[in-house]
2 protein chains.
Amino acid sequence: MKIRKKKNLPVEEVRRYLEPGPVVLVSSCWKERANVMTMGWHTVMEFSPSLIGCIIAEGSYSHTLIRNSGECVINIPTAEMLDLVVDIGNCSGAEVDKFEKFGLELAPAEKVGAPLLAQCYANLECRLFDKQLIGKYDFFIFEVVQAHVAARPKTPQTVHYTGDGVFMISGQTVSRRRRFRADML
Amino acid sequence: MKIRKKKNLPVEEVRRYLEPGPVVLVSSCWKERANVMTMGWHTVMEFSPSLIGCIIAEGSYSHTLIRNSGECVINIPTAEMLDLVVDIGNCSGAEVDKFEKFGLELAPAEKVGAPLLAQCYANLECRLFDKQLIGKYDFFIFEVVQAHVAARPKTPQTVHYTGDGVFMISGQTVSRRRRFRADML
């Protein structure tokens, strides 16, 4: 699988990548232990600081690594990675080294300890911003502190989970820019 | 625009409709004042109780109605409603009656005071479940207390916002059910 060449993206603009609702791969690292998980429950919360809220279930290996390190990387896969996305979500880092098992290409992050998944078309380095809802809802609020995105394709196909093993693949993009009030863009 | 015939859906199953990340229309009502807004920042948070978290900006007319009534309806539009979705998002209920302006067909909800938008293919009646993050992040946690969905089409096209006036339209669905561990479905 090819490695995508990346450029930096202003962190205020990550909504463009996350708001459509793709399944993401979350990589983490704490005390020499590292892992990657598949995640579908997330939302943009603010432009600046660039905040993302997401659910990471207690009891999962990633929950422990991310809660303790206070960091992760949100990697956005494309449709060609669908089988990998499913397989990563169907095993636990407590039992297997997923990076080795799936032969994942890694790249170092700039601001966090967790690795970037090089095959993904966007990598968002995150620091835990607010942990007050972790105990009650497993809800983590992260600040995106560095963002790397592939220059092309401009609008890759992403995968969106609907439950029951079924995914929606993103379709065409359409602009309605002319219908918007200038201050709403 | 046609009115869709609906059936009830167990509230634990609403992730199927929201997890892919569609833009939604949120209707609300408080003290004879009613409104509808376009919203894209939301996430599933739990199956049971069926919890949804979302951002509704302070200062918006809907924020006031929903915060005071503690209720809303999350309505999911299809791609044929895209221009309506844009137009609803580009005006304020403080200045115009959007239901009248856009000729929206309404239906009564069963458990909340806000109306259902009959043209949408899914209507999720919500009660405010946790308000502790409203003050800091405009983040509302709702419990879906009743769900109505159209029997068909089974997988309608939904719209997903990427910012800058550009939308992604949902594409094909693919099953990877056979790759899943039984307990992960």
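Note on naming: letters A, B, ... go to the chains in the order of the sequence lines (proteins, then strands), and numbering restarts at 1 for each one. Excluded from the calculations below are hydrogen atoms, water molecules and symmetry mates; all remaining heavy atoms, backbone and side chain alike, are included.
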Chemist: Treat each ILVMFWY residue as a node, draw an edge where side-chain heavy atoms are under 4.5 Å apart, and state whether A:V174 and B:I88 are in one component.
Modeler: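 Same cluster: A:V174 reaches B:I88 through Ile, Leu, Val, Met, Phe, Trp or Tyr contacts under 4.5 Å.
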
Chemist: With a 4.5 Å cut-off on heavy-atom pairs, point out which of B:R16, B:Q172, B:H42, B:R179 contacts chain A the most.
Modeler: B:R179

Chemist: Would you mind checking which part of A:I169 comes under 4.5 Å of any heavy atom in chain B, side chain (CB onward), backbone (N, CA, C, O), both or neither?
Modeler: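 Both the backbone and the side chain of A:I169 come within 4.5 Å of chain B.
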
Chemist: Main chain of B:N90, side chain of A:R181: is a donor-acceptor contact present, judged purely on distance under 3.5 Å?
Modeler: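 It does hold such a pair.
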
Chemist: Under a 4.5 Å heavy-atom cut-off, does chain A meet the side chain of B:D83, its backbone, both or neither?
Modeler: both

Chemist: At a 4.5 Å cut-off on heavy atoms, which part of B:F139 comes close to chain A: side chain, backbone, both, or neither?
Modeler: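 Looking at B:F139, just its side chain touches chain A.
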
Chemist: Give a yes or no answer on whether the side chain of B:R177 reaches the backbone of A:D164 with a donor-acceptor pair at less than 3.5 Å.
Modeler: yes

Chemist: Below 4.5 Å, heavy-atom pairs only: which of A:S175, A:G53, A:C91, A:P22 has the largest tally toward chain B?
Modeler: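 The answer is A:S175.
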
Chemist: Rounded to the nearest 0.5 Å, how far does NZ of B:K136 lie from CD of A:Q132?
Modeler: 5.5 Å

Chemist: What are the two closest non-hydrogen atoms of A:W41 and B:E46, and how far apart are they?
Modeler: CZ3-N, 3.6 Å

Chemist: When only pairs under 4.5 Å are counted, which of B:C54, B:G21, B:G165 shares the most heavy-atom pairs with chain A?
Modeler: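 The residue among B:C54, B:G21, B:G165 with the greatest pair count is B:G165.
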
Chemist: Between A:P20 and B:T162, which heavy-atom pair has the shortest distance, and what is it?
Modeler: CG-CG2, 3.6 Å

Chemist: Which atoms of A:I141 come close to chain B, meaning under 4.5 Å heavy atom to heavy atom: side chain ones, backbone ones, both, or neither?
Modeler: side chain

Chemist: Could you tell me which portion of B:L133 (side chain, backbone, both or neither) has an atom closer than 4.5 angstrom to a non-hydrogen atom of chain A?
Modeler: side chain

Chemist: Would you mind telling me which of A:R178, A:M45, A:Q157 has the largest number of heavy-atom pairs within less than 4.5 Å of chain B?
Modeler: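 Top count of heavy-atom pairs under 4.5 Å with chain B: A:M45.
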
Chemist: Can you tell me which of A:R176, A:M184, A:E13 forms the most heavy-atom pairs within a distance under 4.5 Å of chain B?
Modeler: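 With the most close heavy-atom pairs to chain B, the winner is A:R176.
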
Chemist: Please name the pair of heavy atoms, one in A:V44 and one in B:I55, separated by the smallest distance, quoted to 0.1 Å.
Modeler: O-CG1, 3.8 Å

Chemist: Same cluster for B:W30 and B:F99 if Ile/Leu/Val/Met/Phe/Trp/Tyr side chains link at under 4.5 Å?
Modeler: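 Per the 4.5 Å side-chain linkage, B:W30 and B:F99 are not co-clustered.
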
Chemist: Are A:L84 and A:Y161 joined in one hydrophobic group, where the rule is that I, L, V, M, F, W and Y side chains link up if heavy atoms are under 4.5 Å apart?
Modeler: yes

Chemist: Mind checking whether A:F167 and B:F180 have parallel, tilted or perpendicular rings, split at 30° and 60°?
Modeler: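 Tilted: the ring planes of A:F167 and B:F180 meet at 30° to 60°.
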
Chemist: For chain B, find which of A:T155, A:D138, A:L82, A:D183 contributes the most heavy-atom pairs closer than 4.5 angstrom.
Modeler: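 It is A:L82.
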
Chemist: Can you see which heavy atom on B:G163 is nearest to which on A:R15, and at what distance?
Modeler: CA-NH1, 3.5 Å

Chemist: Grouping I, L, V, M, F, W and Y whenever their side-chain heavy atoms are under 4.5 Å apart, do A:F129 and A:L65 come out in a common cluster?
Modeler: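 No.
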
Chemist: Taking every non-hydrogen pair under 4.5 Å, which of A:D130, A:L51, A:T158, A:V159 racks up the most with chain B?
Modeler: A:D130

Chemist: Any chain of hydrophobic side-chain contacts (each under 4.5 Å) joining A:V36 to A:L106?
Modeler: yes

